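This is a predicted model, so every value here is computed, not measured.
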Amino acid sequence: MNAMNFVEPEERAALRKAAGELGRKYGHEYYAKKARSGEKTVELWNEAGRLGYLGVNLPEEYGGGGAGIADLGAVLEEFAAAGSPLLLMVVSPAICGTVISRFGTDEQKKQWLPGIADGSRKMVFAITEPDAGSNSHKITTTARRDGGDWVLSGRKVYISGVDEADAVLVVGRTEDAKTGRLKPALFIVPTDAPGFEFTKIEMDLVSPENQFSLFLDDVHLPAEALVGDEDAAIAQLFAGLNPERIMGASFSLGTARYALDKAVAYANERQVWGAPIGAHQGLAHPLAQIKIEFEMAKLMTQKAASLYDSGDDFASGESANMAKYAAAEAAIHAVDQAVQTHGGNGLATEYGLGSLVTAVRLGRIAPVSREMVLNFVGQHSLGLPKSY
């Protein structure tokens with residue numbers, strides 16, 4: 001991203017175009033059919049992996065594109081704008097792939113990154129707990145040493161895509177953290193490990209990806225399951241959370257575009273009293289407002305991605321939180337107005353909007369709630385007293 005003229009580089013523009021074409025090849029009808037039947041978007045995921053779109057942010061030496069989170073976010077935005085978002089892009093290449101590529105051992109990189117890059121392997125991320133949410137200070141999933149190995153016990157909740165994954169990157173903490181010193185630790189846990197169980201959480205979301213509760217009952221792991229330095233895991237954790245927020249923003253931006261495009265097309269085509277309904281300011285102004293909100297959110301997302309890709313983890317944290325907040329709001333407003341523009345048709349299955357009403361609401365909750373973003377901005381950006 002050129003900081004002076006805000007024009008994306010030619011390579012990313014070409015990537016967007018190609019990803020958009022692939023997304024439209026499948027489209028929302030494909031996505032919705034898969035989601036409603038309980039199937040996965042395997043065909044889109046596999047083709048995206050084969051074409052190199054899933055690993056554009058990962059190192060070239062491990063089969064990735066050698067680019068950054070800005071490029072991976074562009075791919076996800078284009079898929080979402082075509083009506084076929086891939087939620088696990090937020091998790092497998094963005095969080096897990098980033099953490100392993102930055103902090104993993106050579107063996108961990110060789111074992112996981114090529115498969116994550118081409119889509120043949122998936123790793124999901126588990127931080128949230130029933131009594132802690134995503135508050136890493138209150139995490140109770142605990143790892144204790146057993147000779148040179150580890151034994152992991154605890155619970156996680158609302159973990160995406162476990163049924164599709166080969167392994168889970170679990171955020172736990174070492175036993176001596178109970179003394180009050182925060183020492184989160186990251187472990188790669190195979191989904192077929194003895195003592196590891198997961199249960200589907202029934203949701204009212206229309207999505208191909210499912211949510212799960214995890215139960216880890218004395219899961220024995222080899223020493224090499226630990227990712228990175230046990231004493232530096234807090235930095236490693238947030239190195240994965242900033243890409244998560246940037247990708248969450250990209251997901252929302254694409255959904256906002258999809259809804260806005262549908263609304264604008266309908267407003268131009270639908271005739272009432274001898275004129276397109278888009279000629280009336282009662283519809284034109286709200287749609288114009290959403291366009292403005294979208295562009296502002298996109299600029300913040302691009303800023304966050306640019307800062308992150310430049311290596312500035314601290315500065316990217318502020319922008320990533322703001323981008324996630326702004327994009328979620330833009331998506332909610334876009335879907336709501338798109339439904340309103342369509343009238344009764346907005347809730348008809350054939351128009352592909354009704355199921356998004358619930359889906360976009362998730363953007364205010366995950367991967368971090370809007371209230372926690374406001375807490376972050378109040379404390380860190382404005383210098384106000386900590387409120388929680």
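- The side chain to side chain donor-acceptor pair (under 3.5 Å) search around His28 returns none, not counting sequence neighbours.
- Counting only N and O atoms by type, the side chains of Ser120 and Asp118 include a donor and acceptor under 3.5 Å apart.
- No more than 12 heavy atoms of other residues, nucleotides or ligands shown are found within 6.0 angstrom of CD on Gln340.
- Within the structure, no pair that satisfies the ring-ring contact (aromatic ring centres under 6.0 Å, His included) test touches residues 282-326, not counting sequence neighbours.
- Between the side chains of Glu209 and Ser160, no donor N or O sits under 3.5 Å from an acceptor N or O.
- For Arg257, the side chain to side chain donor-acceptor pair (under 3.5 Å) criterion is met by Glu77, Glu78, not counting sequence neighbours.
- Shown here for Thr358 and Leu205, the closest heavy-atom pair between the two residues is CG2-CD2, 3.4 Å.
- Atom CZ of residue Phe376 and atom OH of residue Tyr388 lie 8.5 Å apart, to the nearest 0.5 angstrom.
- Heavy-atom minimum distance, Pro114 versus Lys110: CD-O, 3.5 Å.
- A donor-acceptor pair under 3.5 Å is formed between the side chain of Glu129 and the backbone N or O of Thr141.
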What do the steps show when you test Arg155 against Asp131 for salt bridge (Lys or Arg N to Asp or Glu O under 4.0 Å), and what is the final call? CA-CA 10 Å; Arg155 288 185 60 194; Asp131 298 320; over 6 Å; no

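- For Lys303, the NZ atom sits in a loose shell: 12 or fewer heavy atoms of surrounding residues, nucleotides or ligands are nearer than 6.0 Å.
- Between Tyr266 and Asn345 there is a side-chain heavy-atom pair separated by less than 4.5 Å.
- Annotation: ring-ring contact (aromatic ring centres under 6.0 Å, His included) contacts involving residues 147-167, sequence neighbours excluded, comprise Trp150-Phe187.
- Annotation: Glu295, atom CD; neighbour count of heavy atoms from other residues, nucleotides and ligands within 6.0 Å is above 12.
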Mind listing the side-chain donor-acceptor pairs of residues 277-284 below 3.5 Å, one per line with the distance, residues two or more places apart or on another chain?
none

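- At distances below 3.5 Å, at least one donor-acceptor pair connects side-chain atoms of Arg121 with backbone N or O atoms of Gln111.
- Residue pairs meeting the side-chain hydrogen bond (donor to acceptor under 3.5 Å, both in side chains) criterion with at least one member in residues 53-68: none, sequence neighbours excluded.
- When side chains are defined from C-beta on, Pro194 does not count as touching His220, because their heavy atoms never get closer than 4.5 Å.
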